[in-house]
Enquirer: 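Sharing a structure, written as structure tokens. Questions coming.
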Amino acid sequence: MDEWGLTGIEDPTEVVAMIESTGAQVRSETTLARFPGARHWHFGWPGQKGTLELTWDPKARRMWFKVAAGRWGPWIEAVIQETQRRWPQ
């Protein structure tokens with residue numbers, strides 16, 4: 001499992017929109033019991049393998065990406081790099 005984070009995120013809308021602008025699509029949006037109040041997304045790319053998870057915790061003003069073991073896809077690295085370019089930490 002790999003994780004990357006962004007701090008100081010007040011609203012996830014802009015980050016989610018940027019990820020979608022790359023061609024990735026939201027497969028699901030839910031919450032996580034482990035982080036009350038947090039939002040959690042799974043992104044995929046049409047016709048390609050891989051799942052990029054994104055979690056936003058408003059209490060911590062923190063957002064992080066996760067790729068579970070066996071879930072890496074060829075498109076994920078480019079999406080993460082674009083996100084880090086737009087929101088350098």
Side-chain angles (χ1 to χ4, degrees):
M1 171 181 62
D2 293 317
E3 285 191 13
W4 303 266
L6 300 171
T7 57
I9 303 296
E10 298 284 344
D11 181 354
T13 307
E14 188 176 357
V15 177
V16 171
M18 188 284 308
I19 293 169
E20 290 179 314
S21 77
T22 69
Q25 296 178 347
V26 174
R27 289 186 179 155
S28 67
E29 180 179 349
T30 187
T31 60
L32 296 175
R34 184 173 165 193
F35 300 100
R39 291 170 63 189
H40 182 76
W41 296 262
H42 282 195
F43 291 90
W45 196 280
Q48 293 193 34
K49 294 180 181 181
T51 299
L52 177 63
E53 298 181 39
L54 177 66
T55 303
W56 175 62
D57 182 351
K59 292 177 184 174
R61 294 180 49 218
R62 180 173 174 256
M63 177 174 269
W64 64 95
F65 296 97
K66 174 183 162 186
V67 180
R71 294 297 202 67
W72 193 262
W75 56 274
I76 293 174
E77 184 72 29
V79 171
I80 292 170
Q81 287 178 353
E82 180 62 16
T83 305
Q84 291 174 331
R85 185 186 70 75
R86 291 194 190 190
W87 289 276
Q89 298 296 298

Enquirer: Show every ring pair (Phe, Tyr, Trp, His ring centres under 6.0 Å) that has at least one partner inside residues 8-37, sequence neighbours left out.
Expert: Phe35-Trp64

Enquirer: According to salt bridge (charged side-chain N to carboxylate O under 4.0 Å, His left out), does anything in residues 68-89 pair up with another residue at least two apart or in another chain? List the pairs.
Expert: Glu82-Arg85, Glu82-Arg86

Enquirer: Name all residues meeting the side chain to side chain donor-acceptor pair (under 3.5 Å) criterion together with Thr55; count only those two or more places apart in sequence or in a different chain, and write none if there are none.
Expert: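 Expected list: His40.
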
Enquirer: Could you tell me which non-hydrogen atom of Gly23 sits nearest to which non-hydrogen atom of Pro46, and how far apart they are?
Expert: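 Taking Gly23 first and Pro46 second, the nearest heavy atoms are O-CD, 3.7 Å.
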
Enquirer: Would Phe65 and Leu6 count as a side-chain contact (heavy atoms from CB on, under 4.5 Å) if you check the C-alpha gap in whole Å, the side-chain angles of each, and the deciding distance to 0.1 Å?
Expert: CA-CA 9 Å; Phe65 296 97; Leu6 300 171; 4.3 Å; yes

Enquirer: Using residues 9-17 as the side-chain source, report each donor-acceptor pair under 3.5 Å to any protein atom, sequence neighbours left out, with the distance given to one decimal.
Expert:
| unit_1 | atom_1 | unit_2 | atom_2 | d |
| --- | --- | --- | --- | --- |
| Glu10 | OE2 | Arg61 | NE | 2.6 |
| Glu10 | OE2 | Arg61 | NH2 | 3.1 |
| Asp11 | OD1 | Thr13 | N | 3.0 |
| Asp11 | OD1 | Thr13 | OG1 | 2.7 |

Enquirer: Tell me, please, which residues at least two apart from Arg62 pass salt bridge (charged side-chain N to carboxylate O under 4.0 Å, His left out).
Expert: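 If we apply the salt bridge (charged side-chain N to carboxylate O under 4.0 Å, His left out) test to Arg62, skipping adjacent residues, there are no hits.
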
Enquirer: Show me the pairs that pass salt bridge (charged side-chain N to carboxylate O under 4.0 Å, His left out) and involve residues 46-58, at least two apart or across chains.
Expert: none

Enquirer: Tell me the ring pair (Phe, Tyr, Trp, His ring centres under 6.0 Å) pairs involving residues 7-33, sequence neighbours left out?
Expert: none

Enquirer: Could you see if Leu32 belongs to whatever hydrophobic cluster contains Met63? Use Ile, Leu, Val, Met, Phe, Trp, Tyr and a side-chain cutoff under 4.5 Å.
Expert: no

Enquirer: What residues, two or more places apart in sequence or in another chain, satisfy side chain to side chain donor-acceptor pair (under 3.5 Å) together with Arg34?
Expert: none

Enquirer: Just how far is it from atom OG1 of Thr83 to atom CG of Leu52, taken to the nearest 0.5 Å?
Expert: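 Nearest 0.5 Å value for the OG1-CG distance: 7.5 Å.
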
Enquirer: Return the CZ to CZ distance between Arg27 and Phe43, rounded to the nearest 0.5 Å.
Expert: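 Arg27 atom CZ to Phe43 atom CZ measures 11.0 Å (nearest 0.5 Å).
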
Enquirer: My understanding is that only residues two or more places apart in sequence, or in another chain, count here; which of them pass ring-ring contact (aromatic ring centres under 6.0 Å, His included) with Trp72?
Expert: Trp4

Enquirer: Which residues pass the side chain to side chain donor-acceptor pair (under 3.5 Å) test with Glu29, sequence neighbours left out?
Expert: Arg39, Trp41

Enquirer: Listed by chain and number, what are the side chain to side chain donor-acceptor pair (under 3.5 Å) partners of Trp75, not counting sequence neighbours?
Expert: none

Enquirer: Please find the pair of heavy atoms, one from Val67 and one from Thr51, that lie closest to each other, and give the distance.
Expert: CG1-O, 4.0 Å

Enquirer: What heavy-atom pair brings Ala38 and Pro58 nearest, and what distance separates the two atoms?
Expert: CA-CD, 3.9 Å

